Amino acid sequence: MIAEAKVWECDRLLSDLNPEQREAVVSLDKPLLVLSGAGTGKTKVLTTKIAYIVNGGFGFPYQILAVTFSNRAAGEMKTRLAELTGNVDGIWLGTFHSICARLLRFHAKSVGLDQDFTILDADDQLKIIKQILRESNLDGKMAAGILHTISRWKDKCYRCDDKSIDGASLDGKIYKKYQERIRSYDSVDFGDLIMYVIQLFAENDDLLQKHRNKFRFILVDEYQDTNMSQYFWLRMLSPTGMGLCCVGDDDQAIYSWRGAEIGNILRFEKDFPQSKIVRLERNYRSDGHILGAAASIIAHNKRRLGKTVWTEGNMGEKVFVQCAYNGFDESKLAADKIQFLHQRNVKYAAMAILVRAGFQTREFEERLLAYGLPYRVIGGLKFYDRREIKDIIAYMRLVHQPNDSLSFERIVNIPKRGIGASVMSRLHQYAAATGTSLYQSAKHIVATNDLRPSAKKSLADFVAMIDNFREITEPQPTKLAQRILDETGYITDLKKTVEGASRLENLRELLVALEDFDTLKTFVEHISLVTDSIRTNDGDVVSIMTLHSAKGLEFDAVFLVGWEDGIFPHNLSLQDENLEEERRLAYVGITRAKKYVFISYAMNRRVYNQWQSNLPSRFLKELPLEHIVSQNFCISNMI
DNA sequence: ACTTGCTTGGTTTTT
DNA sequence: CCAAGCAAGT
């Protein structure tokens, strides 16, 4: 009876899929690579596969590990899975980093970390490196570059004593110091999250075996974006690839500059000789001409596994290629089309302007503003990057984990309490000498007569205040945040400044977001791993964003702007291997569209207030004439 | 502590 | 060119 119900349930799940999708779902006995072209239903396959495993009785939810690259993808999978099965409990579903954080919390002691370790963000990392540089009398401006180098090393799973690293080089030396420093803070960065878990498994075989047995099914989304560390991590959990199912699209690998190794997906068959590859090539998103244009462009790449995306849908509109006289005119072309489409009942929210680099958004913003068209810039300044948000979060982190010295340092004098550089250097000295945190040091120093009376009192008051906040057992984050804002005088301080109003607005938004959390602990963990902006529902507005942040999204109409050599492909990416990645970016851009693609370029453009004439993007020549309509529409209202 | 003037760089961005 | 970040001065 039960078996029968299950069979029926599985049939229902599978009936909704095309043959290739079905094969990808049903195949459980081999290492599986699902090559999933744009718009071919990869999330559907992943979620159905999970449902199939559970409902078909092949495994229990807690035996399934599903890893995604971004929080957005994890969230979407959760939603879709809930729709499909109504229940997602027990499944280990999350980003590489959140899953590693979870594992590491359980076993922190085994790698010598405190269970309450803090997770650093890029800002924290940069601060620490600047600190180290300054101590060595070196220029702090090098910090960003060094951080980049260290991050890439960590993506490759190189520890600071790794033989591949020249320990005598500046970067190598800073890496060592940096690692020492963050360890002493009981903190880890994003790279560490993966590396520590690898270390944990390498040093504790029983633990590794336990997890190998536990996770019988490992599903990996966006496999083309994994870095070496993540690859090693996966191979530890599934050395033979049995139960492993990687889904990805080598043609959409656009994050190599961040350590992603497209080689991981290209090498899959070699890594797992018993493996099977399923290609999802049937596209359900874009009309024929759009798909044809995208396919022709990507066919120019050499390093790819190769697949041909097709559709049964109609050919639709051809890709519209336009030349503008200059950048101003280009924005006008887009705005006019947006207006036109909207009159034809295309929603603003179904349209997007995709740029190569952040600075390009301004021209389009100005134009849409002038036209009175609603828009939103996605990406750019992140909600959690705002000063006031980071301040209040630092308070909350310090309340949760008093030894979080970075948070301590951030807010000890915010609002101003008269605790300046001299007090801080005294604290640092003490902390270094005793091997304790700044908070602990403050507690000790306050009991001595080392500080001038006023500073001593300020510091004592500060410590007492934090302790006071801590005494609220398991505080609800909203309430705690409200108290912090009131009792520290943060709000009062804010009201004195001009931009205070908008900052207050942001804080209010944060308080609302905080209501989703029951405990401070869950919030702090969440905030460390999620740096995405709070998704505000702006309603029916046009999206402006970079090509990178458009990945995974879809729109009826897509405006691909600035297709000029030097802008796109970008100046710094004109060498061969980088050019392939730029081309993938073009592929990603075109395949975001369901019905309309407008590509434009400008003959003249002002860059850093200097007029330059760029050649049309070399990618334009790769668009076959049968799929495009070209119009040299050179207007100018500026000259 | 806050201002001022100088230098410098100005792809992509998630975790 | 313009914004940000920093060193030095009030």
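Note on naming: letters A, B, ... go to the chains in the order of the sequence lines (proteins, then strands), and numbering restarts at 1 for each one. Just the heavy atoms: all of them, side chains too, but no hydrogens, waters or symmetry mates, feed the values below. Source: prediction; values computed, not measured.
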Using 30° and 60° as the class limits, which term best fits the ring planes of [X] and [Y]: parallel, tilted or perpendicular?
X	Y	result
A/Y175	A/W153	parallel
A/H526	A/F517	tilted
A/H548	A/W257	perpendicular

Distance check: side-chain N/O of [X] vs OP1/OP2 of [N], anything under 4.0 Å?
X	N	answer
A/T95	B/dT15	no
A/K416	B/dC2	yes
A/T546	B/dT13	yes
A/N571	B/dT11	no

May I have the distance from [X] (atom [atom1]) to [N] (atom [atom2]), rounded to whole angstrom?
X	N	atom1	atom2	value
A/N71	B/dT14	CG	C1'	8 Å
A/D124	B/dT14	CG	C1'	16 Å
A/H148	B/dT11	NE2	C1'	11 Å
A/L147	B/dT13	CG	C1'	13 Å
A/R134	C/dG5	CZ	P	12 Å
A/I254	B/dT12	CD1	P	13 Å
A/L354	B/dT13	CG	C1'	16 Å
A/D192	B/dT14	CG	P	20 Å

Can you tell me which nucleotide in [options] comes closest to the side chain of [X]?
X	options	result
A/A122	B/dT15, B/dT11, B/dT13	B/dT15
A/H548	B/dT13, B/dT15, B/dT11	B/dT13
A/H97	B/dT11, B/dT14, B/dT15	B/dT15
A/E582	B/dT11, B/dT15, B/dT13	B/dT11

Just wondering, do A/L406 and A/I128 contact through their side chains at under 4.5 Å, heavy atoms?
-> yes
CG of A/D404 to OH of A/Y185, rounded to nearest 0.5 Å, is 10.0 Å
For A/F190 and B/dT14, is the gap between ring centres under 5.5 Å while the planes differ by less than 30°?
-> no
For [N] versus [M], give the span between their [atom1] atoms, rounded off to a whole number of Å.
N	M	atom1	result
C/dG5	B/dT12	C1'	22 Å
B/dT13	C/dC2	P	23 Å
B/dT11	C/dC6	C1'	24 Å

Just call it for A/K130: base, sugar-phosphate, or nothing, with non-hydrogen atoms closer than 4.0 Å on any strand.
-> sugar-phosphate
Using a cut-off of 4.0 Å on non-hydrogen atoms, how would the nucleic acid contact of A/G191 be classed: base, sugar-phosphate, or nothing?
-> nothing
A/R397 to A/F408, cation-pi by 6.0 Å centre distance and 45° axis angle | no
Is there a donor on the side chain of A/R356 or the base of B/dT11 sitting less than 3.5 Å from an acceptor on the other?
-> no
5' priority, DNA chain B, between A/K141 and A/F96 [closest heavy atom] | A/K141
